[in-house]
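Let me begin by presenting the structure, written as structure tokens, before commenting on it.
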Amino acid sequence: MSHLPPHDNPHDDDESGAADSSVRPDEFDEIVAAETDRDPDLAVIEAGSRTLRTHAGPSQADVPARPADPEVDRALREAEAELMARWPETKLDPTLSRIAALMDVLGDPQHAYPSIHITGTNGKTSTARMVEALLGAFELRTGRYTSPHVQSITERISLDGAPIAAERFVEAYQDIKPYVELIDAKEEHRLSFFEVLTGMAYAAFADAPVDVAVVEVGMGGTWDATNVIDGTVSVVTPIDLDHTDRLGTTHAEIATEKSGVIKQDATVILAQQPVEAAQVLLKKAVDVDATVAREGLEFGVVGRRVAVGGQLLTLRGLGGEYEEVFLPLHGEHQAHNAAVALAAVEAFFGVGAQRAQPLDIETVRKAFASVTSPGRLEVVRRSPTVVLDAAHNPAGARVAAAAISEVFDFSRLIGVLGVSDGKNARGMLEAFEPILAEVVVTQNSSDRALGADELAALAVEVFGDDRVQVEPRMDDALEAAITLAEEEGEFAGGGVLVTGSVITVGEARLLLGRG
């Protein structure tokens, strides 16, 4: 029986411990061979044929492996190759003309369902996953669109909480391809990688059909390809300095770009923000007659304590207090993400506006207990423990470092760091320096990776020469870090943190036998 609170049809308003399992040498060869043609955004893993000395758990369902069927795998690779031949998603063009034209010829599928639109600097994907879990627990069919992906491009488009099957991804691409080519011929520039994927997601959601879409912006807000939806609920996670070459160099400038997701008469859920950013976002909300709920005022985290495998929360929502909520994710930042996600779903259901009562507490508990967020303080190996975190800017690095200090009791923690060119690598190094005994600098195989030697020069300035090791190949870097962690002895509590970018984490995840 549904625990859905009284609510009109959302369309009416138009509106851990891993099991031991070593990777055999032949399995490792297969992984490397299978990834040779991997799309440039996650890149080629150029690894040797030896196995890393790992004890990893089984592959996680929400990070799918390559299709087992050779024909499906071939079709997926062809679709990926065609998508990757387009403008990369890191290229921001201040126009919605191409994506709007594509939506028009597709019949505007993005208006077939209400949407919750999520922007911000950090925490967007985890928040989107929590929102999706909550909506699903209340028996709504969900579509989720997030980026970038950790390992498989199919992760970006999810239905009912799971990435769409490779076959369905290929079908979605083939379905819209003729329309994409039509727009390509008419526009000055072809549709970009991200624009085509966005079109695929919106069309797939309408075809499913979904009751509600949970959509994460790719970059910014105003000119992001996702911004052809009219989100009934707009969510802004914490804003910090990132993509400053494209979005602006101050919190206010970045907030101005991200405020573009706030639509007329929408409900806006604001995470805690820097003062400059908050001023911009609140002004935009006033300009479009949006209703605002602010973390720390209308909702927030009342209490939290570390628990086995995560944390136990008391959250204050728009409709009341929710006690004893278990969240299987680590870190204070994830508790705040949970508060934001809960408020967003309450707003979607009209709690705090049309209705005063909170959501069903047992359903909320069940939803949060089911949340996963691959690559976000994810333990993928034991003895020594290897943790993956996709922090890719100083703000993300600071919250990851704080969470590790809170949750883990490492006697010696070794970092493996690979970042993208153009990122504030020094800021990340400075954030992680207090918790790392040593750092192994490397580079992922993306053509956007910062070179290992250049990163090493920065690392030496922060850590000192005796605490820095350089291993340009990812597999060598992981092997070196595991060896350093094991120097403490089998029971001494050494660990490894792999971080710096989603691409770095995705490649490490594959090499460690996850996916």
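Quick note: residue numbers are just sequence positions, from 1.
- Electrostatic pairing of R365 and E362 counts as a salt bridge here, judged by a charged N lying under 4.0 Å from a carboxylate O.
- Checking side-chain atoms of S405 against main-chain N and O of A401 turns up a donor-acceptor pair under 3.5 Å.
- Side chains of N337 and K124: no donor on one and acceptor on the other come within 3.5 Å.
- N424 and N393 share no side-chain donor-acceptor pair at under 3.5 Å.
- Taking the six-membered ring where the residue is Trp, F205 and Y202 present tilted rings, their angle falling between 30° and 60°.
- The pair E406-R304 meets the salt-bridge criterion, since a charged nitrogen lies less than 4.0 angstrom from a carboxylate oxygen.
- With contacts defined as side-chain heavy-atom distances shorter than 4.5 Å, the pair P148/V502 qualifies.
- Using a cutoff of 4.0 Å between basic side-chain nitrogens and carboxylate oxygens, D389 and R376 are not scored as salt-bridged.
- Here the NE2 atom belonging to H392 is positioned 9.0 Å from the OG atom belonging to S501, to the nearest 0.5 angstrom.
- Screening T125, T146, T226 for a side chain to side chain donor-acceptor pair (under 3.5 Å) with E216, the sole residue that qualifies is T125.
- Classification of R509 and E378 as a salt-bridged pair holds, one side-chain N sitting under 4.0 Å from a carboxylate O.
- The ring of F349 has its center closer than 6.0 angstrom to the ring center of F138.
- The pair E195-R98 meets the salt-bridge criterion, since a charged nitrogen lies less than 4.0 angstrom from a carboxylate oxygen.
- In this structure, R86 does not pair ionically with E80, as no charged nitrogen and carboxylate oxygen lie closer than 4.0 Å.
- Using modelled atom types, one finds a donor on one side chain and an acceptor on the other under 3.5 Å when comparing H336 with E295.
- In this structure, a donor-acceptor pair under 3.5 Å is present between the side chains of T198 and Y145.
- The backbone N or O of A128 sits nowhere less than 3.5 Å from a side-chain atom of E132 that would complete a donor-acceptor pair.
- Checked against a 6.0 Å centroid threshold, the rings of Y179 and Y173 do not count as neighbours.
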